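Data first, discussion second: the structure below is written as structure tokens.
Only a predicted model underlies this, so the values are computations on that prediction, with no experimental measurement involved. All chains are named by letter (A, B, ...) in the order of the sequence lines, taking the proteins before the strands, and each is independently numbered beginning at 1.
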Amino acid sequence: MKYDFRNIEKKWQKYWLDNKTFKADNNSGKPKYYVLDMFPYPSGSGLHVGHPLGYIASDIFSRYKRSKGFNVLHPMGFDSFGLPAEQYAVRTGQHPKKTTEENIVRFRDQLDKLGLSFDWDREIKTSDSSYYRWTQWIFLKLFNSYYDHDLNKAQPIEKLKIPKNLNEKEIGSFIDSKRLAYVDTIDVNWCEELGTVLANEEVIGGLSERGGFPVIKRPMKQWVMRITDYADRLLDDLFELDWPESIKLSQKNWIGKSEGAEIKFSIEKKFIKVFTTRPDTIFGATYLVLAPEHPLINEITTDKYKKSIDEYVEQTSKKSDLERQENEKNKTGVFTGSFALNPISNEKIPVWISDYVLFSYGTGAIMAVPAHDERDNEFARKFNLKIIKVIDGGNKDECYTGNGSLINCGEYDGIDNIKFKSIVVEKLETINKATKRTNYKLRDWIFTRQRYWGEPIPIIYNGNKKKALEFNDLPLELPEVESYLPTKDGLSPLARNNDWINISINGVNYLRETNTMPQWAGSCWYFLRFIDPGNNNEFANKDLIKYWMPVDLYIGGAEHAVLHLLYSRFWHKVLFDLDYVSTNEPFKKLVNQGMILGNSAFVHRIKNTNDFISFDMIKDEKTQKIHVDISFVDEKNRLNIERLKQNNPEFNDVNFIKGKSFYVSRDIEKMSKSKFNVVNPDAICEQYGADTLRMYEIFLGPVEQAKPWNTSGISGVHNFLKKYWRLFYRNDKWMVTEIEPSKNELKLLHKTIKKIASDIESFSFNTCVSALMICVNELTNLNCKSRKILSPLTQILYPFAPHVAEEIWESLGHKNTITYEPFPQVNESYLIEETKNYPVSFNGKLRFNISLSLNLDDSEIKEAILGDTRTERYLKGSLPKRWVIIQNKIINIVH
RNA sequence: GCUCGGAUGGUGGAAUUGGUAGACACGUUGGACUUAAAAUCCAAUGACCAUUGCGGUCGUGCGGGUUCAAGUCCCGCUCCGAGUACCA
């Protein structure tokens, strides 16, 4: 029998599906283990070899855990709301639902070919109304909750204490001001010509990326999530998570907690509040700067400066965020004509406005300390403002941002600046000029999108009065529309369907909210729905949540370091506060798989000509790189010009300058259709099989690391599987016998079991493959035939190459799947070698025992010690460490 | 700019965390079996020197340091990758 991977893989994939081998049991005596992959967006281009890496890693882990006696939940679904399907719909008029469903079928087919052990009975799609019904339900929970800062948790809105003496309208707006999901008017990038709101990335130099139309900042009503109330908890709870440090760090920076003080500077009878983390430098505050959006600007600007201030404000309002950032090295600003009083030095200091101060952070105003802050320093030198050093930073002229003792601070001179921080704030607090204050970079989460292909928001309006839909009204299904473009007024395409917008309840007419939720909404809680996907009464049964949560292992790309992973933590904490889930955090351990990169190929066109030159012949010519499809290039970087011309007719008329062959240049880039560097896993499965592909992907390197794809090494892994197969079938003959294994075979096997188990636990899958290769090579050399060796070998191979392992398992006479066979135990007695204590004397001086695991006699030991020059040197000198080397083994010395 | 992470043969990567650097695999070269090819197997493969044999010198981005011993620890650089963008 040959290793016929095509039939073997088909056979076992069907077996697993038919027998529901990977069905996770909700009632099990076994300990649970929840392994989750970040579910994919089903894009139109299908999977490339980079996508499955994380799925393969989680699959290996799931299969391993099952064989370790765990009840494993390993589900998969699709994040099926999203922009690409909608853009495709805009271009073609096809309903996004249709293209999304087609893509899901294709994805499912590709995933199935890899032999992944998902429990497909639990499949979910975020665009199914049976799913987004509950996304809408959670939205309403957020709408109907507020954050109680005394209890430090979210509470139902009914528990909110409403101040007395409010009229009905005021009560309404008070409640609205506390809701976790609320409506606010926020500046957005508005493009009149395109009739839509654009993301910052879509605006370049004040013009729209597509079309080049002007874009302005415009306030628009948006739904917003009050994630900032959770800033402290999102930050504090990070420490207990078993996540990569880099991800925790990005979340920490994103939340950006900084502690400082809010200080009041008075201008006649008014106050300007500034936020600072460096109140210790207040004696050096020689001017104030307000953000151009600051509401007090009009009041404090003197007539003389009014014109220039107005111009400046007007100018900055036209700038996009990107343009404002471009000024980083060339700051601009205008004087208001007013002076404020420094509350501690009582000096009059000028008040300026500048766009280097952000209105959205802190109070939108700063006290500038040019001697100890680089941005202030730059500004002060440009506009010739006073610079006073207040912290002793040695002789350096430049601005000093470190710590030291105070100077030029009158009675406070000589005090350590860190101590002075609290001294000055306390002093100013007594005269009501300062308060301690903590600020966050984290902003509330703008939740609405003017798009079609997303969850409708279950809110209706009667005038300005909001009303939440009732539970029985959910799901609020997406209506049909004539066009998927936003309307001229910047409303979502949903606004095009008048029948849908207008709704009458008990004789009262309402208008529906027409915006939809962002793609993050569906992925915020999908891991909870996997627990109980068919439940029509709750988003998931509470007991089942208690059993399965938290997710023990979450695998996905690092690109979600902040957005998805922060939003889902936020929602989870709200659900926890409201007692719907049992854990404070959703994901216990997180692993980021590295990206698999493509190896792009380029042809070089000599500039301003139609001549393409072979890469090896380029000397001084200036050339332009053009991507060509990597399937036309061989391993030696030679281009098949004929095939290129067949597929890309635009190359028909060009002149190829070449020697013997035409060479391309190569570059490592992200794998993408537009770069023509995509390697399709289907083709590799067809040629080598899924088991080979799986093992090769993890053999490429550590899971966490980014690495380029190179198919040429795949034969090594494929040969390994063939070699493994030959241990069982050689020349059509079944090789396994009941013979007792040799000592060497047992030692090798148990060494390998130990290595595999510990390496899987520590996610070092690539070294597992090496260990298996060594084991199979040596067993081949030993001509091993013993069932007692080959049967456990098959079990430890199973997580990596499950199809071939199942097939062999069956050949070994087992009737059941290998999946739930207990993972082989390590028998340490095969590994531990005998140790003896030997007394050793050296130069008649040193005397100690060594504990040895080598079969040497005393004279050999002495010879070994003397023969090793390093040990000799060590022995002649002092004795700082407690071991020596004998025959390459480190031996502990027992005194 | 700031914050992380990294740099090991022709290539992907190992190295029990301070103890024979280069495991395992690809590639390359030579050989066996074949009419031939494929498949399979064997040998060599960091560089340089010596080669009849033994062997020797250098070697983990660069420059220093600690140590009997450094890819690994410390100090100073260079380059590459990722994230972030004036957050007071």
Side-chain angles (χ1 to χ4, degrees), chain A residues 2 244-250 252-258 260-261 274-279 281 285 288-289 291 321-322 324-329 331 354-358 360-369 372-376 378-379 401 439-443 558-559 561-562 592 594-595 597 635-636 668 695-696 699-702 704-720 722-723 726 730 755 758 764 766-775 777 780 868-881 883-885 887-891:
Chain A
K2 278 195 110 180
E245 285 305 316
S246 60
I247 301 281
K248 292 205 231 177
L249 198 71
S250 330
K252 191 182 162 200
N253 291 339
W254 188 267
I255 295 167
K257 180 177 184 171
S258 48
V274 305
F275 174 74
T276 179
T277 53
R278 298 292 305 273
T281 60
L288 295 188
V289 188
D321 283 351
L322 273 174
R324 278 175 75 153
Q325 283 157 26
E326 278 163 14
N327 278 340
E328 205 172 329
K329 286 287 152 250
K331 295 199 163 37
S354 169
D355 63 3
Y356 85 90
V357 174
L358 306 176
S360 51
Y361 183 76
T363 59
I366 60 156
M367 64 176 210
V369 184
H372 305 288
D373 180 285
E374 279 171 23
R375 296 153 300 178
D376 299 342
E378 208 181 298
F379 192 80
T401 53
N439 259 317
Y440 302 89
K441 279 194 220 175
L442 184 70
R443 304 289 152 73
E559 65 273 20
V562 279
N592 291 124
M595 207 184 304
L597 304 163
E635 280 162 20
K636 289 180 177 156
I668 306 295
M695 290 195 89
Y696 185 56
F699 183 61
L700 276 175
E704 298 90 337
Q705 190 178 305
K707 50 216 166 257
W709 177 265
N710 179 0
T711 310
S712 71
I714 202 166
S715 59
V717 172
H718 193 60
N719 284 342
F720 157 75
K722 285 197 278 191
K723 218 164 174 179
R726 272 202 306 278
R730 213 169 302 162
K755 171 110 178 121
S758 78
S764 179
N766 54 331
T767 52
C768 286
V769 179
S770 300
L772 286 165
M773 285 175 172
I774 293 168
C775 188
N777 277 341
T780 305
D868 188 303
T869 52
R870 290 162 313 167
T871 313
E872 209 176 337
R873 264 185 287 150
Y874 152 70
L875 286 168
K876 278 175 188 162
S878 57
L879 197 63
K881 299 234 172 129
W883 45 262
V884 292
I885 301 169
Q887 291 211 340
N888 309 329
K889 296 222 170 185
I890 308 156
I891 309 298

Under 4.0 Å protein heavy-atom contact, by nucleotide of nucleotides 3-13 of chain B - B base, S sugar-phosphate only:
SS-------BS

Please work out if A/Arg730 contacts a base, only the sugar-phosphate, or nothing of the nucleic acid, heavy-atom cut-off 4.0 Å.
nothing

Quick one: label A/Ser250 by what it contacts on the DNA or RNA (base, sugar-phosphate, nothing), any heavy atom closer than 4.0 Å.
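Result for A/Ser250 = nothing.
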
Whole Å only: how far is the [atom1] atom of [X] from the [atom2] atom of [N]?
{"X": "A/Met695", "N": "B/C24", "atom1": "CE", "atom2": "C1'", "answer": "12 Å"}
{"X": "A/Lys252", "N": "B/C2", "atom1": "NZ", "atom2": "C1'", "answer": "14 Å"}
{"X": "A/Met595", "N": "B/A82", "atom1": "CE", "atom2": "P", "answer": "8 Å"}
{"X": "A/Ile774", "N": "B/A14", "atom1": "CD1", "atom2": "P", "answer": "13 Å"}
{"X": "A/Glu559", "N": "B/A82", "atom1": "CD", "atom2": "P", "answer": "13 Å"}
{"X": "A/Asp376", "N": "B/A88", "atom1": "CG", "atom2": "P", "answer": "12 Å"}
{"X": "A/Trp254", "N": "B/U84", "atom1": "CH2", "atom2": "P", "answer": "7 Å"}
{"X": "A/Lys248", "N": "B/G83", "atom1": "NZ", "atom2": "C1'", "answer": "18 Å"}

Can you find a heavy atom in the side chain of [X] that is under 4.5 Å from one in the side chain of [Y]?
{"X": "A/Tyr356", "Y": "A/Ile366", "answer": "yes"}
{"X": "A/Arg443", "Y": "A/Ser360", "answer": "yes"}
{"X": "A/Phe699", "Y": "A/Ser770", "answer": "yes"}
{"X": "A/Met367", "Y": "A/Leu288", "answer": "yes"}
{"X": "A/Val717", "Y": "A/Met773", "answer": "yes"}

Residue A/Glu559 excluded, over 12 heavy atoms near CD under 6.0 Å
yes

Syn or anti for B/U17, with syn set at within 90° of 0?
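That one's syn.
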
Determine if the base of B/G31 is syn or anti; take syn to mean the glycosidic torsion is within 90° of 0.
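Nucleotide B/G31 adopts anti.
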
If a pair means Watson-Crick or G-U wobble with both distances below 3.5 Å, what does RNA chain B look like in dot-bracket form, with | marking bases paired to a different strand?
(((((((..(((......[....)))((((((.......))))))((((.....))))..(((((..]....))))))))))))....

Output all residues satisfying ring pair (Phe, Tyr, Trp, His ring centres under 6.0 Å) with [X], sequence neighbours left out; order by chain, then residue number.
{"X": "A/Phe275", "value": "none"}
{"X": "A/Tyr696", "value": "A/Trp709"}
{"X": "A/Trp254", "value": "none"}

Run the salt bridge (Lys or Arg N to Asp or Glu O under 4.0 Å) test against [X] and tell me which residues pass, sequence neighbours left out.
{"X": "A/Lys248", "value": "A/Glu245"}
{"X": "A/Lys755", "value": "A/Asp759"}
{"X": "A/Lys252", "value": "none"}

Expressed as a whole number of Å, how far does the [atom1] atom of [N] sit from that of [M]?
{"N": "B/U20", "M": "B/A85", "atom1": "C1'", "value": "49 Å"}
{"N": "B/A70", "M": "B/C74", "atom1": "P", "value": "16 Å"}
{"N": "B/C2", "M": "B/U11", "atom1": "P", "value": "32 Å"}
{"N": "B/A14", "M": "B/C24", "atom1": "P", "value": "14 Å"}
{"N": "B/G65", "M": "B/C79", "atom1": "C1'", "value": "23 Å"}
{"N": "B/A69", "M": "B/G1", "atom1": "C1'", "value": "41 Å"}
{"N": "B/U51", "M": "B/G56", "atom1": "C1'", "value": "12 Å"}
{"N": "B/G9", "M": "B/C26", "atom1": "C1'", "value": "13 Å"}

Which residue lies toward the 5' end of RNA chain B, A/Lys755 or A/Gly713, if each is placed at its nearest nucleotide?
A/Lys755

5'-most contact on RNA chain B: A/Gly362 or A/Asn777, nearest heavy atom basis?
A/Asn777

Nearest 0.5 Å please: distance from the CG atom of A/Asn719 over to the CD1 atom of A/Ile714.
11.0 Å

Measuring from atom CG of A/Leu700 to atom CD of A/Gln705, what distance do you get when rounded to the nearest 0.5 angstrom?
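Nearest 0.5 Å value for the CG-CD distance: 10.0 Å.
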
Partner set under side-chain contact (heavy atoms from CB on, under 4.5 Å) for A/Ser758, not counting sequence neighbours:
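So A/Ser758 forms no side-chain contact (heavy atoms from CB on, under 4.5 Å) with any residue.
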
For A/Lys723, what residues pass the side-chain contact (heavy atoms from CB on, under 4.5 Å) criterion, not counting sequence neighbours?
A/Arg726, A/Val776, A/Asn777, A/Thr780

Choosing from [options], which nucleotide comes nearest the side chain of [X]?
{"X": "A/Lys331", "options": "B/C86, B/C26, B/A88", "result": "B/C86"}
{"X": "A/Ser258", "options": "B/A85, B/A88, B/A25", "result": "B/A88"}
{"X": "A/Thr767", "options": "B/A15, B/C26, B/A88", "result": "B/A15"}

So, OP1 or OP2 of B/A88: does either fall under 4.0 Å of a side-chain N or O from A/Tyr361?
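Checking A/Tyr361 against B/A88: at least one side-chain N or O falls below 4.0 Å of OP1 or OP2.
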
Distances for protein N or O near nucleotides 40-43 of chain B N or O, under 3.5 Å:
residue: B/U40; atom: OP1; partner: A/Asn719; partner atom: OD1; Å: 2.9
residue: B/U40; atom: OP1; partner: A/Lys722; partner atom: NZ; Å: 3.3
residue: B/U40; atom: O3'; partner: A/Arg726; partner atom: NH2; Å: 3.3
residue: B/C41; atom: OP1; partner: A/Arg726; partner atom: NH2; Å: 3.2

Mind listing the N/O atom pairs, protein and nucleotides 29-31 of chain B, below 3.5 Å?
none

